[in-house]
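Working notes, beginning with the structure itself.
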Amino acid sequence: MQLRKDATGHSPQALVSIILPVHNAEQWLDECLASVLQQDFEGTMELSVFNDASKDKSRIIIEKWKGKLEDSGISVVIGGHDSHSPRGVGYSKNQAIAQSTGSYLCFLDSDDVMMPQRVRLQHEAAVQHPTSIIGCQVKRDPPDSTERYTRWINQLTSDQLFTQVFTSHGPTVIMPTWFCSRAWFSHVGQFDEGGRGVPEDLLFFYEHLRKGGGVFRVDHSLLLYRYHLHAATHSVLEMTIWTHRVHFLEEQVLPHWKSFTIWNAGKQGRRLYRSLTAASRRKVVSFCDVDENKIRKGFYCHEDSQDLTGGEFEDNLKSLRLQEGRDFVHFS
């Protein structure tokens with residue numbers, strides 16, 4: 001639908017703004033922007049691009065597509081900077097949102113490709129779920145990359161979109177598929193702008209949940225989700241994700257439990273135990289496992305005594321029984 005300019009020469013507010021941060025994306029931008037043009041959504045759309053100090057031909061490609069998109073009725077807003085170093089994905093998303101006008105925000109990574117029905121179907125879901133982050137199923141490219149992770153993305157049940165928040169390595173609806181209202185985004189707040197190595201999507205997702213937000217997935221493959229070694233997600237250390245996960249678990253769940261059992265008496269279970277605060281460790285009554293050798297041992301004591309925090313910690317570890325079944329926390 002054509003966005004006609006008003007008497008001042010400005011386009012009116014769009015219904016949906018596609019939020020596109022760009023940094024050195026010349027390899028993928030043509031396909032990405034073509035997928036914006038191919039959307040079958042009948043409402044007004046706007047593309048808001050923020051170019052984060054790209055040194056390749058990204059800017060030229062964006063300018064080339066601006067005319068094509070605007071000729072099809074899609075308003076285009078371009079921002080960016082030419083500093084020596086990029087400011088990061090969180091900053092770029094915030095800037096792209098700030099310069100946009102849409103009542104709804106559709107997030108898109110510059111290396112991904114939208115299916116033609118994406119905006120239409122996710123907008124329909126967002127209208128029905130105004131305080132939710134709306135995700136979708138994905139197709140992975142290359143198809144044989146991260147097969148287990150892709151199955152997990154696509155097959156979580158509606159209940160697991162919430163329960164696995166505490167055990168997953170990121171949001172249960174992945175960031176490149178997000179769609180939400182501007183009003184709700186503003187209520188939650190901006191993305192963290194710490195830059196490279198900061199999981200800005202996970203931090204926003206946790207804050208979204210703290211404020212009572214919902215999680216909903218459109219069960220259609222609406223995005224071609226690319227895997228490559230230059231993706232920003234590879235800059236986030238596993239230990240960083242782990243620390244945020246444990247903190248969120250201790251903040252949101254453990255205060256409501258008088259005691260709990262940790263499923264997994266192996267490396268991950270022990271790691272979780274050692275990552276907890278002293279107050280949370282005192283609530284752990286046992287480890288749960290199916291390994292007969294671990295169960296036969298009867299108790300767990302941390303092998304590296306130099307890591308123990310004192311006699312009380314060691315006594316608590318030795319008192320933890322290995323059981324075959326209880327209510328539990330499962331970290332993997």
Side-chain angles (χ1 to χ4, degrees), residues 14 16-37 39 45-66 69 74-102 104-114 118-119 122 133-135 138 170-171 173-180 182 185-186 188-205 208 223-236:
V16 175
S17 291
I18 298 171
I19 304 302
L20 181 63
V22 173
H23 174 68
N24 291 343
E26 65 177 8
Q27 181 178 349
W28 306 286
L29 263 179
D30 279 317
E31 282 188 84
C32 177
L33 295 173
S35 75
V36 175
L37 185 62
Q39 292 301 297
M45 278 198 308
E46 168 189 77
L47 175 66
S48 180
V49 185
F50 190 82
N51 184 15
D52 188 20
S54 294
K55 306 304 180 186
D56 61 1
K57 296 179 181 178
S58 292
R59 182 171 183 172
I60 296 172
I61 296 171
I62 293 166
E63 291 290 348
K64 178 188 72 174
W65 276 95
K66 184 177 187 295
L69 291 164
I74 301 171
S75 179
V76 179
V77 183
I78 302 173
H81 67 98
D82 294 320
S83 302
H84 178 70
S85 300
R87 294 284 301 272
V89 179
Y91 174 81
S92 299
K93 289 174 186 171
N94 288 338
Q95 292 299 309
I97 292 166
Q99 71 188 18
S100 70
T101 67
Y104 292 89
L105 307 175
C106 176
F107 292 90
L108 177 62
D109 284 357
S110 57
D111 52 357
D112 294 334
V113 177
M114 298 191 291
R118 181 192 173 187
V119 172
Q122 288 196 294
I133 289 177
I134 311 298
V138 301
V173 287
I174 61 170
M175 174 65 217
T177 72
W178 284 11
F179 192 110
C180 66
R182 177 183 295 273
F185 177 87
S186 299
V188 175
Q190 294 187 325
F191 290 106
D192 187 291
E193 296 185 356
R196 186 175 177 82
V198 174
E200 84 293 331
D201 56 344
L202 182 62
L203 296 179
F204 184 93
F205 192 66
H208 161 77
L223 190 79
L224 182 68
Y225 180 36
R226 281 202 172 96
Y227 176 84
H228 57 88
L229 296 178
H230 302 294
T233 186
H234 295 305
S235 70
V236 181

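Within a 6.0 Å sphere centred on CZ of R59, heavy atoms belonging to other residues, nucleotides or ligands number 12 at most. Within a 6.0 Å radius of NZ in K57, no more than 12 heavy atoms belonging to other residues, nucleotides or ligands are found.
Between the side chain of N94 and the backbone N or O of F191, at least one donor-acceptor pair lies under 3.5 Å. Put simply, the side chain of E46 gets close to the backbone of T101: a donor and an acceptor are under 3.5 Å apart. In this structure, S58 contributes its side chain and S54 its backbone to no donor-acceptor pair below 3.5 Å. Side-chain N or O atoms of Q122 include one that pairs as donor or acceptor with a backbone N or O of I134 at under 3.5 Å. Within the 3.5 Å criterion, the main-chain N or O of V119 finds a donor-acceptor partner in the side chain of Q39. A donor-acceptor pair is defined here as one N or O able to donate and one able to accept, closer than 3.5 Å; such a pair exists between the side chain of W178 and the backbone of V173. The main-chain N or O of G194 is found under 3.5 Å from a side-chain atom of D192 such that the two form a donor-acceptor pair. Without hydrogens or angle criteria, R182 side chain to Y104 main chain gives no donor-acceptor distance under 3.5 Å. Formation of a donor-acceptor pair under 3.5 Å by the T177 side chain with backbone atoms of G135 is not found in this model. With hydrogens and angles disregarded, no donor-acceptor distance shorter than 3.5 Å links the side chain of S92 to the backbone of P21.
In terms of heavy atoms, M114 sits closest to C106 at SD-SG, 4.1 Å. For the pair I78 and Q99, the tightest heavy-atom approach, listed with the atom from each and the gap, is C-NE2, 4.0 Å. Pairing each heavy atom of G102 with each of S17, the nearest pair is N-OG, 2.7 Å.
At a threshold of 4.5 Å between non-hydrogen side-chain atoms, the residues F205 and I133 count as touching. The side-chain heavy atoms of L223 and V113, taken from C-beta on, include no pair separated by under 4.5 Å. Between L108 and P176, every side-chain heavy-atom pair lies at or beyond the 4.5 Å cut-off. By the 4.5 Å heavy-atom criterion applied to side chains, H23 and R87 are not counted as neighbours. Looking at heavy atoms from C-beta onward, V22 lies in side-chain contact with L29 at the 4.5 angstrom threshold.
With sequence neighbours excluded, the residues forming a side-chain contact (heavy atoms from CB on, under 4.5 Å) with A96 are I19, S48, F50, listed by chain and number.
Comment: K64 engages D30 in a salt bridge, judged by a side-chain N to carboxylate O separation of less than 4.0 angstrom.
Distance check, rounded to the nearest 0.5 Å: OG of S83 to CG of D52 gives 8.5 Å. In this structure, CG on N24 lies 8.0 Å from NZ on K55, to the nearest 0.5 angstrom. The line from CE of M175 to CG of D201 is 7.0 Å long, rounded to the nearest 0.5 Å. Atoms CD1 and CG, from I18 and L33 in turn, are 9.5 Å apart once rounded to the nearest 0.5 Å. To the nearest 0.5 Å, atom CG of residue L47 and atom SG of residue C32 are 8.0 Å apart. Of the inter-residue distances, the one linking H208 atom NE2 with C180 atom SG reads 8.0 Å to the nearest 0.5 angstrom.
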Check your understanding: Should I74 and V36 be marked as a side-chain contact (heavy atoms from CB on, under 4.5 Å) after you check the CA-CA gap, both sets of side-chain angles, and the distance that decides it?
Key -> CA-CA 9 Å; I74 301 171; V36 175; 4.3 Å; yes
Point to revise | Derivation of the side-chain contact (heavy atoms from CB on, under 4.5 Å) call for L224 and V138 | key: CA-CA 6 Å; L224 182 68; V138 301; over 6 Å; no
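Under the 6.0 Å cut-off for aromatic ring centres, F204 and F185 qualify, their centroids lying closer than that.
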